[in-house]
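Inspection log for the structure reproduced underneath, given as structure tokens.
The first residue of the sequence shown is numbered 1, and numbering continues consecutively from there. Since we're looking at a predicted model, the values are computed, not measured. Whatever order the structure lists them in is the order used to number ligands and atoms, beginning at 1.
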Amino acid sequence: MDAMTTATFDSLSPLDGTVVRTFPVHDADDVATSVARARRAARDWRSLGFAGRRRALAAWRRDIVAHLDDLIAVVRAETGKPAGDARLEIMLALDHLAWAASHARRVLRWRAVFPGPLMLNQSASLGYVPYGVIGVIGPWNYPVFTPMGSLAYALAAGNAVVFKPSEYTPAVGTWLRDSFVRAGGPAGVFEVVTGLGATGAALCRAGVDKVAFTGSTATGKAVMAACAESLTPVVIEAGGKDALLVDEDADLDAAAEAAVWGAYSNAGQTCIGIERVYAHTRVYDRFVEKVAERTAELRAGVDDAARLGPMTMPRQGDVVRAHVADALAHGGTLRVGTAPGGGSTLQPVLLVGVGEESTAVREETFGPTLVVNRVASMEEAVDRANAVRYGLSGSVFSRRRGRELAARLRGGMVAINSVIAFAAVPALPFGGVGDSGFGRIHGADGLREFAYARAITRQRFPLLTLTTMRRTPGVDRIVERIIRALYG
Ligand code: NDP
């Protein structure tokens with residue numbers, strides 16, 4: 001396939017600007033070739049059955065573990081994130097791979113359902129059929145964990161996949177494919193195409209049976225528009241502007257620790273990262289003090305000791321700079337850090353008292369910044385948290401009202417007295433509402449996302465046959481009597 005391609009692009013390391021590797025820019029013909037290969041392989045993969053796929057995916061999992069340090073190095077080279085962060089995302093991805101492989105049968109196997117009072121002569125059953133070939137389009141911020149939420153679940157459900165990694169992390173994408181093949185995974189079941197946005201757009205139009213997209217809301221809309229041309233279904237996992245709520249009875253040390261990790265880990269480039277905090281006025285000052293103390297301990301850099309790496313995508317720095325400037329223009333104060341200058345290694349910034357109309361409060365910043373605002377009550381905190389177009393996840397710190405407040409937050413996931421915990425529980429679905437997208441990865445819902453329901457009835461003996469032109473008024477009367485007795 002690569003022989004057809006002439007154009008190439010370089011994957012550059014944010015750590016030192018060196019070329020990690022050069023990759024082909026696959027065009028529409030290349031993508032079509034990959035999809036055709038995946039389609040041929042999908043038949044055998046499906047007929048392997050749950051047990052066969054479970055074995056193959058377990059072998060892949062073991063291969064990743066056996067070559068862990070190598071994968072960590074590739075993730076660090078392409079994203080610039082600290083090795084510890086790379087290790088953590090791979091650990092979580094492995095847990096998802098194991099869960100999807102071992103739970104696919106229970107979630108998707110054929111099962112009998114009660115046929116209902118009018119159809120007692122039918123045996124009714126429900127199964128989940130793999131779509132065939134899933135196109136997976138992934139971002140660069142968690143280049144292992146994020147696509148794994150689609151790859152593992154789609155493969156376990158019986159599909160072949162064609163993966164288009166971000167142009168910033170193609171070496172991670174091809175590493176995962178090479179590992180799958182090295183572990184004995186059948187050729188063609190896991191294809192990778194590399195390139196820029198146009199390659200992703202070509203994948204949407206290549207006749208795949210479903211597209212699983214993770215990335216920004218704007219690109220999600222473009223993906224959905226492209227898929228609409230052929231009525232190809234999509235899952236959209238888009239951005240977020242997640243808030244953490246601090247109640248007056250919260251454990252302030254735990255809340256501050258969680259806010260700092262949720263905001264600054266991975267240099268803030270986390271879809272479910274904490275970008276806003278609403279703290280009850282009775283604890284606000286003490287809470288800010290604790291967050292400030294912890295923020296001041298952090299340093300971004302390209303050396304191994306730095307807790308934060310540089311921005312993976314250099315132009316993201318411009319968004320961060322614009323949001324900080326806008327926060328200051330909307331009455332905000334810099335509590336820790338200074339307005340970030342040029343370059344892509346940005347030091348953490350803690351902003352307080354920022355006007356709610358600021359882009360720093362309303363739009364995804366995706367950088368090492370945190371806004372902490374004061375609220376008079378938790379009702380106000382909930383209202384403000386919910387007042388953005390995004391609805392991905394959130395976090396609540398409260399001793400007495402955790403569940404109640406969590407239930408009132410708009411979004412697909414909430415952590416009470418911690419942050420981001422839901423993403424590490426493979427049995428829980430992951431996804432959002434509003435500008436954060438729709439559909440679910442992870443958990444049973446995530447497995448079902450990659451299969452379509454098929455209903456089958458089998459008539460066991462004739463009884464009250466309703467679907468005949470020769471139906472008599474007597475049959476209709478009996479049916480009416482049953483329905484009146486049951487539901488009248
Ligand atoms: P982008 O939207 O820029 O890109 C996502 C992927 O789509 C990339 O592989 C990109 O390729 C590809 N792409 C770009 N243009 C098109 C197109 N026209 N058609 C098809 N595919 C295209 O997102 P980022 O990579 O910048 O990732 C960051 C975003 O991802 C943030 O908004 C973050 O919140 C979100 N995200 C959401 C998660 C979730 O689960 N909800 C998890 C992780 C991140 P290329 O890179 O080559 O341009």
Tell me whether Phe430 has any N or O atom under 3.5 angstrom from an N or O of ligand 1. no
The option among Thr270, Thr219, Ile441, Thr146 carrying the non-hydrogen atom nearest to atom 15 (N) of ligand 1 is Thr219
At a 4.0 Å cut-off, with the gap strictly under it, does some heavy atom of Tyr142 reach an atom of ligand 1? no
Counting only heavy atoms, tell me which of Gly215, Gly149, Pro139 gets closest to atom 35 (C) of ligand 1. Gly215
Could you check which of Met224, Lys164, Glu167 puts a non-hydrogen atom nearest to atom 48 (O) of ligand 1? Glu167
At less than 4.0 angstrom from any non-hydrogen atom of Asn141, what atoms of ligand 1 do you find? 43 (C), 44 (C)
I need the contact type for Ala226 against ligand 1. Using non-hydrogen atoms and a strict under-4.0 Å cut-off, is it side chain, backbone, both or neither? neither
Which of the numbered atoms in ligand 1 are below 4.0 angstrom from a heavy atom of Gly195? 47 (O)
Test item: Asn417 side-chain N/O and Ser398 main-chain N/O as donor-acceptor pair under 3.5 Å: yes
Evaluate Thr217 for polar contact with ligand 1, using N/O atom pairs at a separation under 3.5 Å. no
Is Phe213 close to ligand 1, meaning an N/O of one under 3.5 Å from an N/O of the other? no
Within 4.0 Å of some non-hydrogen atom of Ala238, the atoms of ligand 1 are 37 (C), 38 (C), 39 (C), 41 (N)
In terms of its nearest heavy atom to atom 8 (C) of ligand 1, the top option of Gly200, Gly138, Ala202 is Gly138
Is the NZ or CZ atom of Arg448 both under 6.0 Å from the centre of the six-membered ring of Tyr128 and within 45° of that ring's axis? yes
Determine yes or no for a side-chain-to-main-chain donor-acceptor pair under 3.5 angstrom, with Glu449 supplying the side chain and Val235 the backbone. no
Examine the proximity of ligand 1 to Gln269 and report which part, side chain or backbone, both or neither, has a heavy atom under 4.0 Å away. neither
With nothing but distance in play, are any N or O atoms of Ser216 less than 3.5 Å from an N or O of ligand 1? yes
Does only the side chain of Val223 get under 4.0 Å from ligand 1, or the backbone, or both, or neither? Count heavy atoms. side chain
Determine whether any heavy atom of Ser436 lies closer than 4.0 Å to an atom of ligand 1. no
Numbering the atoms of ligand 1 from 1, which are under 4.0 Å from a heavy atom of Leu196? 47 (O)
